[in-house]
J.: 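Next up is a structure, given as structure tokens.
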Amino acid sequence: MKTRGNLIVLSGFAGVGKGTVLRSLFETREGYAYSVSATTRSPRPGEVDGVHYFFVTKERFEEMIENDELLEHASYVGNYYGTPRDYVEKKLDEGFDVILEIEVQGALNIKKKVPDAILIYMLPPAAKVLYERLRHRGTETDEVIAKRMKRAAEEAQSVSKYDYIIVNRDADECAAQLDTLIRAQRQSVRSNLPFIEKLQEEFRELSEKE
Ligand code: 5GP
């Protein structure tokens with residue numbers, strides 16, 4: 001009997017290093033599936049359609065909303081972002097823990113729709129570290145960086161609505177923390193109800209034979 005996987009939502013300020021931490025997690029651990037989002041923003045250099053995002057037009061995105069193809073969606077600094085539903089459902093059914101790397105609005109919508117989802121927020125050790133990382137990344141203009149920092153300050157207000165935080169001092173260490181958190185969840189009673197019920201049934205049958 002395959003236990004359904006957990007839905008894990010990972011958020012964090014732009015530039016906090018979610019990408020690097022997740023890469024480390026996926027390279028070194030089994031049992032995880034990454035949900036590739038759809039977005040209307042343009043690809044950054046090196047980003048591949050279908051790997052980092054499904055890059056779609058505004059019209060296509062609106063069609064996806066209309067057809068209920070998205071588990072959640074939100075707009076972020078002038079673009080739409082959303083989670084395609086089918087992949088997530090399929091992987092959860094196969095027993096994978098599915099990670100959604102999404103911003104706060106989407107995360108809170110997921111929590112409403114799927115109360116069992118686990119919300120994790122990745123924080124930098126200090127705000128200044130974030131600003132410097134964002135500038136050094138060099139993929140955004142100063143104007144976009146300023147907008148993203150403003151959004152980070154707003155998002156900071158919502159961290160208390162999450163279940164867990166992890167602090168990214170070092171990507172591998174942070175990936176290990178994330179893995180530990182999620183593994184602990186795999187042992188929760190709630191995640192193992194089918195197994196527990198099966199065992200209860202077996203005990204019942206055995207005791208009736210006595
Ligand atoms: P970026 O443009 O830096 O790749 O992403 C901007 C923000 O959008 C990040 O906070 C990222 O986590 C979030 N994001 C990415 N995909 C999704 C999604 O499918 N839904 C929502 N709500 N946010 C997303």
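Start at 1 with the first residue, then count along the sequence. All ligand and atom numbering here is 1-based and tracks the order in the structure.
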J.: For atom 13 (C) of ligand 1, what's the nearest protein heavy atom and its distance?
T.: Glu103 N, 3.6 Å
J.: Identify, by atom number and element, the atoms of ligand 1 in contact range of Ala74, meaning under 4.0 Å from any of its heavy atoms.
T.: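 Going through ligand 1 atom by atom, the ones under 4.0 Å from Ala74 are 22 (N).
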J.: Determine whether the side chain, the backbone, both or neither of Glu155 has a heavy atom under 4.0 Å from any heavy atom of ligand 1.
T.: neither
J.: Of all the non-hydrogen atoms in the protein, which one sits nearest to atom 20 (N) of ligand 1, and at what distance?
T.: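 Looking at atom 20 (N) of ligand 1, the protein heavy atom closest to it is Glu72 OE2, 2.7 Å.
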J.: Quick one: which of Glu89, Arg85, Lys91 gives a side-chain contact (heavy atoms from CB on, under 4.5 Å) with Tyr87?
T.: Lys91
J.: May I ask you to decide if Glu173's main-chain N or O and Asp170's side chain share a donor-acceptor pair within less than 3.5 Å?
T.: yes
J.: Which atom names give the shortest non-hydrogen contact between Glu69 and Arg60, and what distance separates them?
T.: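 Distance-wise, the nearest heavy atoms are OE1-NH2, 2.9 Å.
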J.: Can you find a pair of side-chain heavy atoms, one from Asn168 and one from Arg133, that are under 4.5 Å apart?
T.: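 Yes, their side chains come closer than 4.5 Å.
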J.: Numbering the atoms of ligand 1 from 1, which are under 4.0 Å from a heavy atom of Gly82?
T.: 18 (C), 19 (O), 20 (N)
J.: Kindly give the heavy-atom pair with the smallest separation between Ser11 and Ile102, and that separation in Å.
T.: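 So the minimum-distance heavy-atom pair works out to OG-O, 2.6 Å.
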J.: If I compare all heavy atoms of Thr83 with all of Ser35, which pair ends up nearest, and what's the gap?
T.: CG2-OG, 3.4 Å
J.: Which residue and non-hydrogen atom of the protein lie closest to atom 14 (N) of ligand 1, and at what distance in Å?
T.: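 The protein heavy atom lying closest is Glu101 O, 3.6 Å.
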J.: For Arg41 and ligand 1, answer yes if some heavy atom of the residue is under 4.0 Å from a ligand atom, otherwise no.
T.: yes
J.: Ser37 heavy atoms, cut-off 4.0 Å: which ligand 1 atoms fall inside?
T.: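 This gives 16 (N), 17 (C), 18 (C), 19 (O) as the contact atoms.
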J.: For ligand 1, does Arg148 get within less than 4.0 Å through its side chain, its backbone, both, or neither, judged by non-hydrogen atoms?
T.: side chain
J.: Calculate, to the nearest 0.5 Å, the distance between atoms CG and OH belonging to Leu10 and Tyr164 respectively.
T.: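 Leu10 atom CG to Tyr164 atom OH measures 14.0 Å (nearest 0.5 Å).
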J.: Taking the six-membered ring for Trp, are Phe61 and Phe55 ring centroids under 6.0 Å apart?
T.: no
J.: Report the part of Tyr76 (side chain from C-beta onward, or backbone N, CA, C, O) that has a heavy atom under 4.0 Å from ligand 1; answer both or neither where that applies.
T.: side chain
J.: Under 4.0 Å from any heavy atom of Lys18, which atoms of ligand 1 are there?
T.: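 Taking each heavy atom of Lys18 in turn, ligand 1 has 9 (C), 10 (O), 12 (O) under 4.0 Å.
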J.: State whether the side chain of Glu62 and the backbone N or O of Ile65 hold a donor-acceptor pair below 3.5 Å, judged by distance alone.
T.: no
J.: Looking at ligand 1, would Tyr53 count as a contact under a 4.0 Å heavy-atom criterion?
T.: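 In this structure, Tyr53 qualifies as a contact of ligand 1 - some heavy atom is under 4.0 Å.
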J.: Quick check on His52 - does any of its heavy atoms sit under 4.0 Å from an atom of ligand 1?
T.: no
